[in-house]
Amino acid sequence: GCGLCVKACPFDAIAIVNLPEELSEEAVHRYGVNGFKLFRLPIPKDGQIIGLLGKNGVGKTTALKILAGELMPNLGRTDVKEVPAEEVLRHFRGSELQTYLQKLYDGKLTVAHKVQYIDLVPRYLKGTVGELLKRADERGVARDLAQEVGLDALWDRDVRNLSGGELQRMVIVATLSKDANVYMFDEPSSYLDIRERVRVSRLIRSEVKPGKYFLVVEHDLAMLDYLSDNVHILYGEPGVYGIVSQPYGVRVGINAFLDGYLQSENMRIRSTPIIFSRSVQAAQQEAEYKYLEWTQARVRLGDFTLDVMPGYINGGEVIAVTGPNGIGKTTFIRYLTGELKADEGVPFSYRELKVSYKPQYIGPDFFPEGMTVADVLRSVNPEAITTGTWLYIELTEKLGLHRLFDREARELSGGEMQKLAIAMSLSREADLYLLDEPSAHLDVEERLAVGKIIRRLTETRKAAAFVAEHDIMMIAMISNRAMVFSGTPGVHGIASSPAPLRASMNELLSQLGITMRQEKESGRPRINKEGSYLDRLQKARKVYFEV
Ligand code: ADP
Ligand code: ADP
Ligand code: MG
C-alpha cells in the first residue's frame, strides 16, 4: 500500500487514481487517525469565482472550511493536537495560498459562507424573512438582492413556513449582503428550479469585483460553468481521501472532468468518458410506435388546477418535464400513473404498461419495514445486487449503494434514500419510467451515471421515460423531447404538449433570457455569458438554444 489508508488498499480494484509518490508531502488535513485525508487546496483568486467540482465525500466542504478559517488544517498530522499557523503557512510558502492564508490568519479577510445543509436554518433562526435579512445586511442591499431573486413577496413570511427553494434563496441573499472579502457557496442550486438557478447565478456573478474572492461548490454543471472563471476538480476515494487538482479554465476543466482525464497532471479519474449524445434526432426517428397517449385534460388538486395539453410518448423516448416549482410537474406525473383523476380526459396506453415510478419526496415509509438495502434491491431485480452484471456496475456501484447493502433502508439518510429509490425504479423491468427530480441530492458523477442509464434503458428496451428535472445539462443529455410547464405556480399550471428538445429548450431559454450553445469539442451545451458576442448574436437571431 502507499500508506494513504489503513484499510485494504483500494487501488488494485480501481487502478484509476495513480497516486504520485510525493503526494504524502502535500497532505493538508486528516480527520483523525483513520479519517478522511485531503491533499492540496483550491486557490482563491482576487476578483474571480473559483468552482469546485467532484463527487460527494472527496473533501469539497472540508476545503471550503479550511479556506474560511473555520477548520485549522493539521497537515495530515494526527499525532499533535494542533499545528501552529506558522507551520501551515510554511507548508504553502511561495504559493498564492500562502498569501491568502496569511491574510486569513492575520484577521484581514472576513468570510461569508453559505453552508451546504440549509434545512436546519429554521430551527436556529426565528423571525420573518425581512427581519432575518435585515439582521444579516451589512451593506444595506438585502432588500434589492431579495427582489432580484423573487423573495420580496415573502418579506413578511415566517422562516418556518418557507419551502426549500425559498429558504435557499434567503440564505444566499443573506450571505451576499455581508460586507466580506470572501464569499462561499456550498451547493447553491439545491431545491431551486431552473429560473431560480439562473437568477441566483446572475446575482452572484454581478457581485464579483476586485478585492473579493468567490468559491462555489456545485453539481449542476451548466450552473457551475456559467458561474466560474476557473475550476478545481476534486477526485479520489470518497470518505477515504481527496486530491485537489490544479486550477483549470472553466471550459477545459469541465471537459477534462467529463473525459475523466486531467491532462496537465496526467491523471485518470474515471475509466470511461461521459459522452453527450449528438444523435438525439436519430433516436427520435427510430422511436416509431406510440406507448401512451393523453387527451386534453383538467386535473384539480385542492386550489390548484392543471390543464394538460394533448400528447403522446413513443417507445425508446425520454421526455423531460420542466418548469418552475409549484407549476404541476408532480401532479402531471401522478396523473399519468393513474393516481390522480381528471375532470375529463384520460391517459390511455396501447397495451398493458408496466410502470416504474420514483416520486419526488422519498421518506422512510417508501421502503418496507425491516428490509436492508440489499433486500430492497433484490426484491426488485436480483441483478442489481449481483457483482459483474451491467446493473450492478452501472447503477448500484455508481450510486455507492453496494457500500450500504447491510443497512436498514428506513434508517438511511435523506440522500441515501433518494439513491436507493432511484436504483429501485431503474432496476425494475418496466415499459414506462416516471422519475420525479432524480438529480436532487445526487453529486455530479451520480447524475451523469443516472442520465446514462435512463438513455440506455430506453434505447435498448424501447421503454419510455418522463423525467422531471431542473438540471439543464441533464435535460439536454437525456431527452428527445420536453414539456415546458407555464402558468402561475401554486394556482394554475399548463402542461404543454411535448415538443422536440430544440424547440422546447428555445422556448424555456427565451423565457429565462439566456442563450446556450453546443460546445464543439465535447458536444455539451453551455450557457453563454451574458452580453457576450454569442449571447447577443443568438438573441438577435432568436436562437436561444444552438445545437
Ligand atoms: P464533500 O463536500 O466533497 O462531499 P466533505 O468535505 O464534506 O466532502 O467530507 C469529506 C470526508 O470527510 C467525508 O468522508 C466525511 O465523512 C469526512 N468528514 C467530514 N467532516 C468530518 C469531521 N468533522 N470528522 C471526521 N470526518 C469528517
Ligand atoms: P411541481 O412538481 O411543479 O413543483 P406540484 O405538482 O407538486 O408542482 O404542485 C402544484 C401545486 O399543487 C402546488 O401549489 C402544490 O402546493 C399544490 N398541491 C400539491 N399537492 C396538493 C394536495 N394534496 N392538495 C392541495 N394542493 C396540492
Ligand atoms: Mg459537501
Side-chain angles (χ1 to χ4, degrees), residues 56-57 117 119 164 190-191 238-239 292 301 318 321 329-341 347 349 352-443 445-447 449-454 456-458 461 463-469:
N56 281 332
Y117 300 105
D119 314 54
S190 306
Y191 307 108
L292 178 75
L301 197 57
V318 181
V321 172
K329 300 182 296 297
T330 297
T331 305
F332 174 71
I333 285 181
R334 291 172 64 204
Y335 168 62
L336 288 187
T337 65
E339 193 186 322
L340 296 177
K341 303 286 175 226
S349 56
E352 194 63 29
L353 287 186
K354 256 196 280 168
V355 177
S356 181
Y357 172 41
K358 189 210 76 79
Q360 179 175 2
Y361 300 106
I362 305 292
D365 295 347
F366 188 73
F367 308 102
E369 200 171 355
M371 276 180 130
T372 63
V373 170
D375 293 338
V376 167
L377 290 174
R378 186 185 303 109
S379 71
V380 175
N381 187 344
E383 269 189 32
I385 55 161
T386 310
T387 39
T389 65
W390 181 79
L391 267 183
Y392 185 89
I393 295 166
E394 295 292 331
L395 186 61
T396 310
E397 258 184 358
K398 288 266 164 72
L399 295 183
L401 290 166
H402 58 304
R403 291 190 221 108
L404 307 172
F405 273 172
D406 297 330
R407 298 266 300 278
E408 176 123 2
R410 288 188 166 193
E411 281 162 15
L412 297 174
S413 74
E416 292 165 343
M417 281 191 210
Q418 273 289 344
K419 287 190 225 176
L420 180 56
I422 291 170
M424 278 171 79
S425 71
L426 292 177
S427 303
R428 206 168 269 136
E429 302 248 348
D431 308 300
L432 184 65
Y433 294 89
L434 301 173
L435 300 165
D436 202 344
E437 302 209 11
S439 75
H441 303 282
L442 297 190
D443 69 27
E445 294 256 348
E446 294 162 346
R447 287 177 197 206
V450 164
K452 200 170 147 193
I453 291 163
I454 293 172
R456 168 115 176 217
L457 285 179
T458 47
R461 288 199 203 146
F466 286 93
V467 184
E469 187 54 67

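In what follows, every heavy atom counts, from backbone to side chain, and hydrogens, waters and symmetry copies are set aside.
The pair K452-E394 counts as a salt bridge, with a side-chain nitrogen and a carboxylate oxygen less than 4.0 angstrom apart. Salt bridge annotation for R407-E416: present, with a cationic side-chain nitrogen under 4.0 angstrom from a carboxylate oxygen.
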Requested in this report: Go through L399 and V450 one step at a time and tell me if the side chain to side chain contact (heavy atoms under 4.5 Å, CB included) criterion holds.
Outcome: CA-CA 9 Å; L399 295 183; V450 164; 4.0 Å; yes
**Report entry** Evaluation steps, side chain to side chain contact (heavy atoms under 4.5 Å, CB included), between V376 and F366
**Finding:** CA-CA 11 Å; V376 167; F366 188 73; over 6 Å; no
Query raised in the report: Run the side chain to side chain contact (heavy atoms under 4.5 Å, CB included) check on L426 and L435 step by step: do they pass?
Result: CA-CA 9 Å; L426 292 177; L435 300 165; 4.0 Å; yes
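The shortest distance between side-chain heavy atoms of I453 and W390 falls below 4.5 Å. A 4.5 Å side-chain heavy-atom check between Y335 and T331 finds every atom pair outside the cut-off. Contact of the I362 side chain with the L420 side chain is not registered, since no non-hydrogen atoms from C-beta on lie closer than 4.5 Å.
In this structure, the side chain of T389 engages the main chain of E383 through a donor-acceptor pair within 3.5 Å. Between the side chain of R428 and the main chain of V380, no donor-acceptor pair closer than 3.5 Å is present. Counting only distance, with no hydrogens or angles, the side chain of Q418 and the backbone of S413 share no donor-acceptor pair below 3.5 Å.
Between A384 and Y392 the shortest heavy-atom distance is O-CD1, 3.5 Å. For Y433 against S425, the heavy-atom pair with the smallest separation is CE2-O, 3.1 Å. Contact detail for E429 and K354: the closest heavy-atom pair is O-NZ, 3.4 Å. S439 and E469 make their closest contact through OG-OE2, 2.5 Å (heavy atoms, listed as atom of the first residue, atom of the second, distance). The shortest heavy-atom contact between K419 and L401 is O-CD1, 3.8 Å. Residues E446 and N56 share a closest heavy-atom pair of OE1-ND2, 4.2 Å.
Interatomic distance, OH of Y361 versus CG of D436, reported as 8.5 Å (0.5 Å rounding). Rounded to the nearest 0.5 Å, atoms CG (D406) and CG (D375) are 9.0 Å apart. Interatomic distance, L395 CG to I422 CD1, rounded to the nearest 0.5 Å: 9.0 Å. In this structure, NE2 on H402 lies 9.0 Å from OG1 on T396, to the nearest 0.5 angstrom. With rounding to the nearest 0.5 angstrom, the OG atom of S379 is 6.0 Å from the CE atom of M424. Atoms CE and CZ, on M371 and R378 in that order, are 8.0 Å from each other to the nearest 0.5 Å.
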